[in-house]
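Here's the structure, in structure tokens; my notes come after.
Below, chain A is the first sequence line, B the second, and so on; all start at residue 1.
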Amino acid sequence: MKPSPPIFALVDCNSFYASCEKVFAPGLEGSPVVVLSNNDGCIIARSAEARELGIRMGVPAFEISDLLETKDVAIFSTNYALYGDMSQRVMTILQKFTPTLEVYSIDEAFLDLSGMPLFDLHEYGRLICQTVVKWTGIPVSIGIAPTKTLAKLANDAAKDLPEKEGIMVWTDEETIDRYLGSLSAGQVWGIGPQHTRLLEKHGILTACDLKHVNEKWIRQHMGVMGERTVLELRGISCYPVDDNPSPKKGICTSRSFGRPVETYDDLEEATTSFVASVAEKLRKQKSVAQSLTVFVMTNRFARGPQYVNGMTITLPLATHHTAELIHHTRIILKKLFRKGYLYKKSGVIVNDIISQKTLQCTLWDDRNREKQEKITAAIDQINARMGKGKVRYAVQGTGRKWKMRQERLSPRYTTDWEELLVIELGKAPPQPLPIRGGAGLG
DNA sequence: TCTGGGGTCCTAGGACCC
DNA sequence: TCTGGGGTCCTAGGACCC
């Protein structure tokens, strides 16, 4: 039997973070909602209503505080506990619709629909959207096409055309070309600002132009990635759905501080907390790291003296143990620290990551290691049950003067018993903590 | 006062080796 | 008159993604 042509779906949650907040604040239905980045800095999510007000992605909130206030926009600090949990719920549902699901990001997934006995892809898409919104309250869009790149574009197009109700199926060449002609080259997945400029210079303006560009030319100017993108636009699939993502090759935790940090002790408290988080991520994917980078920086937007520095070491022994990583982090940090600067951010990166299995073979007889392993496992267990950071190393401190600003944080409705949504019969549903309007940002 | 965080892959060029 | 050349590994930096 001839194998059926590949068919991919891309499901994308609409304004994901803003939608999560709306699920638990039904009073905000129909009104503009934005979610801010860490430290309540920039706009990182906007509901459709907020987008209509002309609020752009990534702008610092303080720059548009007037608009936020006059238009009565609901503002939320980012709440990853909530979004991460909601994401898992959405992904679990999507799993029911395909044997092969790739969780591409917190709010997107590719579904391999190849070879499924489907008579009507459009109906299937509708069923997926309806199920997700019914079970989670999160609205989603879906694009279905012969390659991932086309599926992503179809999804984009569906969002722009209300009459499509968030569902777009591109299977025949004619339909595909018609829509590609109406989309700019820069909207194509994999074409960023640099390449958009380059393409424009050569008169390649629409996604359709890009599809028909000379292969040799694209290879020469945009490398293999550019070539693959063009092939994908032509319906030749270059990227399969990967439902078994490989472990991360580098892991980083870094944060801007809620207020400038001046003393070594505060900087150490923050930075060792970051490395503790890195260690946790390492253990979660059952890896150990062989190299460690620590970096610090002052506020590049401020006028004062600037200092940016980082240092990388090769670890004497590949590890994922918090205590060991903290030890090396402190050694580096002491070398990096200079008195007299106002530090705004620090971070920790581990690289040269290998599987912990590889390591165990060579260290089987090391008693200290065995003890470390037990302590770490116990800490992980307690923190998993009692909450992140309940047990931590003394150096991570309790002062947390550096902790990020989150003045408009919604409750962790779905991941903490203490913060469950309470609804009293006969009463209007409670409004979330953040006060609407721009107070505090002006 | 206030400006995010965490990743991937590819390429060019240098170092090094034989 | 003429300076060797080719393969491989590593690293930094660029471009992209959400």
Side-chain angles (χ1 to χ4, degrees), chain A residues 10-13 15-17 34-45 56-66 68 75 77-80 83-84 87 102-110 148-149 152 155-156 185-199 218-229 238-239 242 245-260 274 277-278 281-282 285 291 293 295 297-304 310 312 314 342 344-353 404-408 438-442:
Chain A
L10 187 266
V11 175
D12 184 310
C13 301
S15 325
F16 182 54
Y17 296 173
V34 296
V35 177
L36 306 179
S37 62
N38 284 338
N39 268 323
D40 294 345
C42 300
I43 308 280
I44 53 164
R56 280 171 304 119
M57 197 69 167
V59 285
F62 74 87
E63 281 181 10
I64 56 163
S65 54
D66 285 349
L68 294 174
I75 305 164
S77 300
T78 186
N79 184 344
Y80 280 112
Y83 313 148
S87 170
E102 174 182 346
V103 177
Y104 179 66
S105 76
I106 194 163
D107 70 335
E108 275 175 82
F110 287 103
K148 280 179 156 183
T149 303
K152 233 173 168 319
N155 186 301
D156 264 11
Q187 278 175 276
V188 177
W189 189 37
I191 307 296
Q194 295 296 320
H195 288 152
T196 304
R197 264 198 293 278
L198 176 82
L199 292 171
I218 199 81
R219 178 69 196 244
Q220 197 186 343
H221 288 84
M222 288 167 51
V224 289
M225 300 299 274
E227 195 181 4
R228 280 181 205 152
T229 298
C238 302
Y239 304 106
D242 177 11
S246 39
K248 305 225 178 312
K249 293 168 182 166
I251 293 175
C252 169
T253 295
S254 73
R255 291 280 178 284
S256 297
F257 308 133
R259 59 176 78 160
F274 300 158
S277 140
V278 164
K281 294 181 199 170
L282 269 175
Q285 67 165 26
S291 107
T293 302
F295 66 89
M297 56 178 75
T298 49
N299 186 354
R300 67 183 197 277
F301 296 104
R303 245 174 283 144
T312 302
T314 299
L342 292 174
K344 178 62 180 170
K345 180 176 182 175
S346 74
V348 176
I349 308 165
V350 288
N351 275 303
D352 299 319
I353 290 172
M404 65 182 179
R405 258 197 327 276
Q406 286 189 308
E407 287 168 7
R408 295 153 179 282
L441 282 160

- Query: Across the strands shown, which category fits Gly58(A) at heavy-atom distances under 4.0 angstrom: base, sugar-phosphate, nothing?
  - Reply: nothing
- Message: Quick check: closest heavy atoms across Leu342(A) and Pro260(A), and the distance to 0.1 Å?
- Response: CB-CB, 4.0 Å
- Nearest-nucleotide pick for Gln194(A), side chain only, options being dG6(B), dC16(C), dT3(B): dC16(C)
- Item | Rounded interatomic separation in angstrom, taking CG from Asn351(A) and P from dC10(C) | 14 Å
- Query: Does dG5(B) have OP1 or OP2 sitting under 4.0 Å from an N or O in the side chain of Ser256(A)?
  - Reply: yes
- Return the value, rounded to whole Å, for the distance between atom CD of Gln285(A) and atom C1' of dT8(B). 14 Å
- Note on the structure: Among the nucleotides dG4(B), dT3(B), dG6(B), whichever has the atom closest to the side chain of Asn38(A) is dG4(B)
- 5' precedence on DNA chain B between Pro60(A) and Pro247(A) (nearest-nucleotide basis): Pro60(A)
- Query: Hey, does the side chain of Ser254(A) come within less than 4.0 Å of dG6(B)'s phosphate (OP1/OP2), counting only N and O?
  - Reply: yes
- Query: At under 4.0 Å, does any side-chain N or O of Arg228(A) touch on OP1 or OP2 of dC10(B)?
  - Reply: yes
- Interatomic distance, Ile251(A) CD1 vs dG5(B) C1' [rounded to whole Å]: 14 Å
- Task: Send over the distance from Lys248(A) NZ to dG5(B) P, rounded to a whole Å.
- Result: 18 Å
- So what does Thr78(A) hit on the nucleic acid, given a heavy-atom distance under 4.0 Å: a base, only sugar-phosphate, or nothing? nothing
- Under 4.0 Å between a side-chain N/O of Lys344(A) and OP1 or OP2 of dC2(B), yes or no? no
- Show the numbers, then the answer: is there a side chain to side chain contact (heavy atoms under 4.5 Å, CB included) between Phe16(A) and Ile106(A)? CA-CA 9 Å; Phe16(A) 182 54; Ile106(A) 194 163; 4.0 Å; yes
- Task: Map Tyr17(A) and Met225(A) onto DNA chain B by nearest heavy atom, then report which one ends up closer to the 5' terminus.
- Result: Tyr17(A)
- Query: With respect to the side chain of Glu63(A), which nucleotide from dT3(B), dT8(B), dC18(C) is positioned closest?
  - Reply: dT3(B)
- Item | Considering all heavy atoms, the nearest Gly190(A)-His195(A) contact | O-ND1, 4.3 Å
- Minimum-distance pair of heavy atoms, taken over all atoms of Ser291(A) and Thr312(A): OG-CG2, 4.1 Å
- Could you state the atom-to-atom distance from CD of Glu102(A) to P of dT8(B) in whole Å? 13 Å
- Message: So if I take every side-chain heavy atom of Ile44(A) and compare against dC2(B), dT11(B), dG4(B), which nucleotide ends up nearest?
- Response: dG4(B)
- Give Val188(A) one of three labels, base, sugar-phosphate or nothing, depending on what nucleic acid heavy atoms sit under 4.0 Å from its own. sugar-phosphate
- Spacing between Asn39(A) atom CG and dG6(B) atom P, to the nearest angstrom: 12 Å
- Item | Nearest non-hydrogen partners of Tyr17(A) and Ala45(A), listed with the distance | CB-CB, 3.7 Å
- Sticking with atom P, work out how far dC17(B) lies from dT3(C), rounded to a whole angstrom. 24 Å
- Val224(A) side-chain proximity, nearest of dG7(B), dT11(B), dC18(C): dT11(B)
- Are His195(A) and dA15(C) close enough that a side-chain N or O sits under 4.0 Å from OP1 or OP2? no
- Over all atoms of both residues, closest heavy-atom pair of Lys148(A) and Tyr239(A): CD-O, 3.4 Å
- Message: In whole Å, I'd like the distance from the CZ atom of Phe295(A) to the P atom of dG4(B).
- Response: 13 Å
- Watson-Crick or G-U counterpart of dC18(B), or none if no pair lies under 3.5 Å: dG5(C)
- Item | d(CE, Met222(A); P, dC17(C)) in whole Å | 10 Å
- For Met222(A) and Leu198(A), work out which heavy atoms get closest and say how close. CG-CD2, 4.0 Å
- Lys249(A) side chain, from C-beta outward: closest of dC10(B), dC9(B), dC18(C): dC9(B)
- Task: Tell me what Ile106(A) touches on the nucleic acid: a base, only sugar-phosphate, or nothing, going by heavy atoms under 4.0 Å.
- Result: nothing
- Would you tell me if any nitrogen or oxygen in the side chain of Lys345(A) comes within less than 4.0 Å of OP1 or OP2 on dG4(B)? no
- Message: So, OP1 or OP2 of dG6(B): does either fall under 4.0 Å of a side-chain N or O from Arg255(A)?
- Response: yes
- Task: Counting heavy atoms from C-beta on, name the nucleotide in dC16(C), dC18(C), dC2(B) closest to the side chain of Arg405(A).
- Result: dC2(B)
